[in-house]
Structures are given as C-alpha cells and as structure tokens.
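Data block below; observations after.
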Amino acid sequence: MAMWQSLPKSNDLRKANNFTDALDTEKSPFFVSDNSLVYGYGWDFNDFPALKVRDGRSIYGTSGGAITRLLANFGNVHLVRAVGTTLQYNNTGTTWTNISGTYANIDWDFANFDILGPALVIVNPTDGGFYWNGSAITAISQMPKGKYVAADNLRVFTAGVTGTEDVLYYCAFQDALDWTTAENSGAVQYYTANGGPITGVRAYNGSIWVFKKDAFAIIYHTGDARISYRLVPISDYIGCVAYKTLIEVGPYLMWLGRDNVYIGAGDGAKAVGDQIKTYIDNINTAAIDNAFAFGTDERYYLCIPTGSNTQPDTCLVYDYIFQRWLPYSLNLGNLRWGAKLNGIPYAGNDTGQTFKMNDGTTDAGTAVSWLVQSRPYDDGVKEAEKELHHMYIQGLFPSGTTVSVDVAPDDMGSTWFPINYDPTSGQAYTQNKRLIVPLDLVPLCNFYAYRISGTGPATIQEVQRYSRIQPVQE
C-alpha cells in the first residue's frame with residue numbers, strides 16, 4: 001500500500017527573483033538563471049538592473065505618404081529621407097521639404113564626406129550617386145551605380161554595382177567627384193572561396209570594413225592608391241546579411257550575421273547574440289534585407305522580420321555596458337529605417353512617417369504594452385508537487401498603468417490562469433503588491449511559471465513566491 005511521506009513545515013518555501021540577467025533564449029528554460037526572462041516585450045535598460053518599461057516614440061514631422069527608402073543624418077545639422085520616389089529634408093523638426101528630382105523607388109545608402117564643404121553622399125543602384133550640401137543636390141556622374149557607400153576622411157567607397165557585385169570602387173584622394181583618374185581612384189575585388197556579392201560597407205575606426213554574407217575584410221591606409229592590394233581578409237565565417245543593421249554604437253561597430261549578432265572593434269569581431277538565438281532562428285530570411293538597426297551611444301536596437309512578416313516586427317535591444325539583451329517590442333508598426341542625429345535615434349516606416357525614438361511614454365499616443373515571463377520554477381524539489389499560494393511584487397506602477405498577473409502550472413505555459421489581487425492605487429513610489437494564488441484556481445504542479453503584463457509606465461524591482469511542498473508518494 002502506498003504511503004505518503006509527510007514533510008516538515010520548513011518545506012513551506014519562500015523564493016525570490018528579479019530580472020537582472022535579462023533575456024535568455026539560448027538554453028532550455030530549465031537551465032537559464034532564476035533571474036532571466038524567457039519571453040516578453042516592452043523593456044529597455046533605462047533603470048537596469050531594475051526592469052523598466054521602455055520609452056515610447058513621437059511623430060517627427062509630417063508623413064511622406066510612401067515607403068521609407070532612406071533615413072540619414074546630414075552631419076549634425078538635420079535628417080534627410082527618401083519616401084518612395086521623393087527625397088526630403090527636415091531642419092525644423094516639423095516640416096519635411098522636398099529635394100528637387102524624382103528617383104527610383106528603391107533603398108538607398110549614405111555616408112557623410114567633404115565636397116567643397118560638408119556633404120551627404122547618397123547612392124542607389126538605379127540612379128547612382130548624389131551629394132546634398134544642405135541646400136542643393138548634385139549628381140556624381142563618374143560614381144559607379146552602387147548599392148552601398150562608405151567614407152572615411154580620405155575617400156568615398158561604393159559596392160554592389162550590377163555585374164561586379166564583389167568589387168569595391170573608390171574615388172580619388174579627397175575628391176568624391178573623381179572616380180576615373182588612374183593611380184588615384186580605382187577598384188579592388190573582394191574574392192572569397194565561397195564567392196558571393198558584397199553585402200555592406202562601413203567606415204569604422206579609421207578603416208573601411210567590407211562584408212559578404214559569410215565573410216568580412218578591412219581596408220587599411222586608404223591614402224596611398226599606388227599600393228594595389230589593400231584589402232585584408234579578416235574572417236571567412238563572420239559576415240553581414242543586412243546592411244541596414246550595420247551601425248556604430250559607442251566605440252563599437254555592430255551588425256546582424258547569418259546566425260548571430262556581432263560586435264566589432266580593432267580588427268576583430270565576436271558574437272554577442274547567443275541569448276536571442278530563438279529570435280534569430282525565427283527571422284523571415286526571405287525579407288532579411290528589411291532588417292535594420294538604430295542606436296544610442298550605449299545601446300543597439302536590432303529590428304527584424306520574424307515568422308511570415310515581411311517588415312520588421314520585433315526589436316531587441318543590447319546594452320554593451322551590461323552585455324545583455326532585452327525584448328524592446330513585438331509590434332514595431334512596420335518601421336524599416338533607422339538613423340541617429342546628435343545622439344538621438346529616429347526611425348521611418350513603410351508609409352513614410354518618421355518617428356523620434358525613445359521619446360515620451362507612449363507610441364505616438366498609444367500606451368506602451370509590456371509583458372515579462374519567468375522561467376519555470378521547481379523550488380528545488382522537482383519530483384514533488386507544490387502549491388504556489390502567495391506572490392509579492394515590488395514595483396513602481398504610476399497612476400493610469402494597468403497590471404495583470406498570470407500563473408502557468410507547467411514549464412511550457414500551455415495554460416495561463418489569471419490571478420486576482422487587491423490592486424494598489426497608482427503611486428509615484430515603489431509599492432508592494434500582494435497576490436493570493438488560490439489552490440482551486442491553479443492546480444498542484446511540479447513546475448510553474450508566471451508572467452506580469454500591462455500597459456503604461458512601470459518598473460519591476462523583485463518578485464517573491466511562497467509555495468508549499470507536497471508529500472512525495474513512495
């Protein structure tokens with residue numbers, strides 16, 4: 001006859017966790033830290049290691065009425081964008097003014113250089129190259145019609161020219177209008193064993209970084225054109241799959257590779273995206289060209305199309321100081337281009353609207369939605385059933401913020417049970433929210449997980465859980 005082994009009162013356990021280890025999808029949820037979150041959205045590092053709801057975004061000027069094909073900073077002066085077949089600039093923060101001409105409805109690339117003064121060089125593979133000096137746009141007739149462009153303080157480089165997709169072209173020394181003078185301007189082929197086109201070019205740390213999908217190289221010492229081979233291969237494994245994800249973040253260059261996110265410095269790179277592998281593996285590779293990034297001086301915001309989405313729907317943020325990721329948003333509203341002006345990030349969407357990112361507490365008037373899901377807990381006794389009977393949440397929940405709590409009695413979150421609690425009124429200080437978890441609602445379980453969700457500003461400091469370990473049948 002089976003006998004129940006009674007357990008001591010000490011097996012009424014109190015456990016606590018915060019979310020200081022941030023997002024971790026690399027391993028099974030059973031093997032991540034107790035302080036990791038395994039799913040969520042709506043977070044940023046503004047108050048880390050506390051978990052704080054991200055800032056919102058505000059409308060920056062009028063809509064262009066067509067898909068955003070470029071968003072660029074003209075030095076530290078103003079933004080320039082392409083919307084459909086039109087180029088526009090904004091130097092007031094409100095009005096977008098048309099730049100003369102009609103252009104192909106295709107994605108551009110840009111770089112800042114000096115052409116008789118500050119100039120924004122822009123290129124697309126249909127129309128070729130142009131430069132904007134703040135008041136007029138001029139065609140660069142000799143420039144090959146490239147898809148990508150970069151510039152250091154000596155030369156402008158372009159690649160992605162139809163028919164010579166693995167060739168990098170460069171202008172004459174400090175002359176972006178001269179692309180033909182022998183022993184001054186020229187080209188270098190980036191040959192790799194696997195072949196393939198160049199997929200991105202960026203100036204970084206005084207050198208030019210050139211990418212393929214599965215490789216990258218660096219061009220050093222671009223001042224002397226008499227040296228015929230100046231392109232030095234660095235890796236035949238690490239590459240870039242989406243040129244709009246190539247941006248500088250503080251002292252680093254970051255980008256999206258085939259199977260990871262990479263951070264570059266000096267003349268090398270390392271992977272930093274292991275904790276978001278689930279998201280990377282779910283990228284819609286057919287729409288990978290639409291992936292983009294925006295950044296601040298400390299953070300990299302990677303925006304990717306996942307599942308069947310063709311425009312980026314998911315944004316993940318990496319802070320290089322904390323070396324961790326958080327899920328920023330799962331509802332980007334078809335944003336597809338990012339830029340930074342005077343340290344402030346901006347983004348444009350597929351209808352031509354530009355937004356000032358991380359500005360205010362709402363997404364252009366819509367409350368920010370958020371959710372955090374814990375790993376599954378077993379309270380140290382996997383084989384025993386347990387009753388989760390109380391939870392306490394320490395957090396800041398201002399007036400107008402909504403909060404919901406759910407518990408799942410398994411590791412997969414297959415069924416979620418909403419927990420009713422006596423809501424504490426919104427306050428401008430951290431509160432302690434007490435939740436009773438009734439046994440007639442959440443059944444006995446070996447494992448349980450919880451999620452906290454809501455809308456509006458909030459900060460979560462810590463969560464305590466009280467459970468009773470049940471006797472194990474022998």
Side-chain angles (χ1 to χ4, degrees), residues 18-20 22-23 37 39-63 71 79 90 93-94 293-303 312-319 321-322 324-335 338-349 351 353-373 393-405 423-433 451-463:
N18 50 43
F19 294 100
T20 54
L23 183 64
L37 62 100
Y39 176 74
Y41 49 84
W43 307 104
D44 205 341
F45 288 94
N46 293 337
D47 206 18
F48 200 76
L51 192 62
K52 185 176 182 179
V53 172
R54 66 173 175 85
D55 291 331
R57 61 180 183 243
S58 59
I59 292 174
Y60 191 76
T62 55
S63 170
L71 190 63
L79 293 176
N90 188 324
T94 54
F294 62 92
T296 65
D297 291 340
E298 297 177 357
R299 296 171 202 160
Y300 178 72
Y301 297 81
L302 175 65
C303 304
D313 59 294
T314 297
C315 183
L316 306 155
V317 53
Y318 178 79
D319 188 296
I321 295 176
F322 295 113
R324 288 173 170 83
W325 290 89
L326 283 173
Y328 181 85
S329 178
L330 297 186
N331 184 19
L332 284 176
N334 292 335
L335 297 179
K340 183 169 67 173
L341 176 65
N342 294 323
I344 298 172
Y346 298 83
N349 69 7
T351 63
Q353 182 62 62
T354 302
F355 297 92
K356 184 178 182 180
M357 304 301 291
N358 295 343
D359 184 50
T361 60
T362 68
D363 284 343
T366 301
V368 175
S369 298
W370 49 269
L371 181 148
V372 58
Q373 182 176 324
I393 302 173
Q394 285 77 47
L396 175 62
F397 305 104
S399 179
T401 295
T402 66
V403 183
S404 299
V405 181
T424 305
S425 60
Q427 297 289 350
Y429 55 83
T430 297
Q431 304 169 70
N432 180 71
K433 286 182 175 287
R451 65 185 185 189
I452 308 170
S453 60
T455 59
T459 303
I460 298 174
Q461 303 287 347
E462 189 171 271
V463 179

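Not measured: the values here are computed from a predicted model. The first residue in the sequence is number 1, and the count goes up from there.
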Pairwise distance [atom1]([X]) to [atom2]([Y]) - rounded to 0.5 angstrom:
| X | Y | atom1 | atom2 | value |
| --- | --- | --- | --- | --- |
| Asp319 | Glu298 | CG | CD | 6.0 Å |
| Ile452 | Ser404 | CD1 | OG | 10.5 Å |
| Asn331 | Thr314 | CG | OG1 | 9.5 Å |

Taking the ring of [Y] and the ring of [X], is the distance between their centroids below 6.0 Å?
| X | Y | value |
| --- | --- | --- |
| Phe322 | Phe48 | yes |
| Phe294 | Tyr301 | yes |
| Tyr346 | Tyr60 | yes |

**OP:** Please report the C-alpha distance between Ile59 and Phe355 in whole Å, then the side-chain angles of each, then the deciding distance to 0.1 Å, and finally whether the side chain to side chain contact (heavy atoms under 4.5 Å, CB included) criterion is met.
**Re:** CA-CA 5 Å; Ile59 292 174; Phe355 297 92; 3.9 Å; yes
Return yes if some donor-acceptor pair links the side-chain N/O of [X] with the main-chain N/O of [Y] below 3.5 Å, else return no.
| X | Y | value |
| --- | --- | --- |
| Trp370 | Gly456 | yes |
| Arg451 | Tyr39 | no |
| Trp43 | Val317 | no |
| Arg54 | Gly42 | no |
| Thr361 | Pro457 | no |
| Ser63 | Thr351 | yes |

Work out which heavy atom in [X] is nearest to a heavy atom in [Y]; give both atom names and the distance.
| X | Y | result |
| --- | --- | --- |
| Thr362 | Val368 | CA-CG2, 4.2 Å |
| Cys303 | Leu332 | CB-CD1, 3.7 Å |
| Leu302 | Trp325 | CB-CZ3, 4.5 Å |
| Gly348 | Leu71 | N-CD2, 3.8 Å |

Subject >> Candidate pair Asn18 and Val463, rule side chain to side chain contact (heavy atoms under 4.5 Å, CB included), full reasoning >> reply: CA-CA 6 Å; Asn18 50 43; Val463 179; over 6 Å; no
Subject >> Lys/Arg-Asp/Glu bridge criterion (N-O < 4.0 Å) met for Asp359, Arg57 >> reply: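 Between Arg57 and Asp359 there is no salt bridge, as every charged N stays at least 4.0 Å from the carboxylate O atoms.
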**OP:** Using a strict cut-off of less than 4.0 Å between a Lys/Arg side-chain nitrogen and an Asp/Glu carboxylate oxygen, indicate whether Asp55 and Lys356 qualify as a salt bridge.
**Re:** no
**OP:** Check step by step if side chain to side chain contact (heavy atoms under 4.5 Å, CB included) holds for Phe19 and Arg324.
**Re:** CA-CA 11 Å; Phe19 294 100; Arg324 288 173 170 83; over 6 Å; no
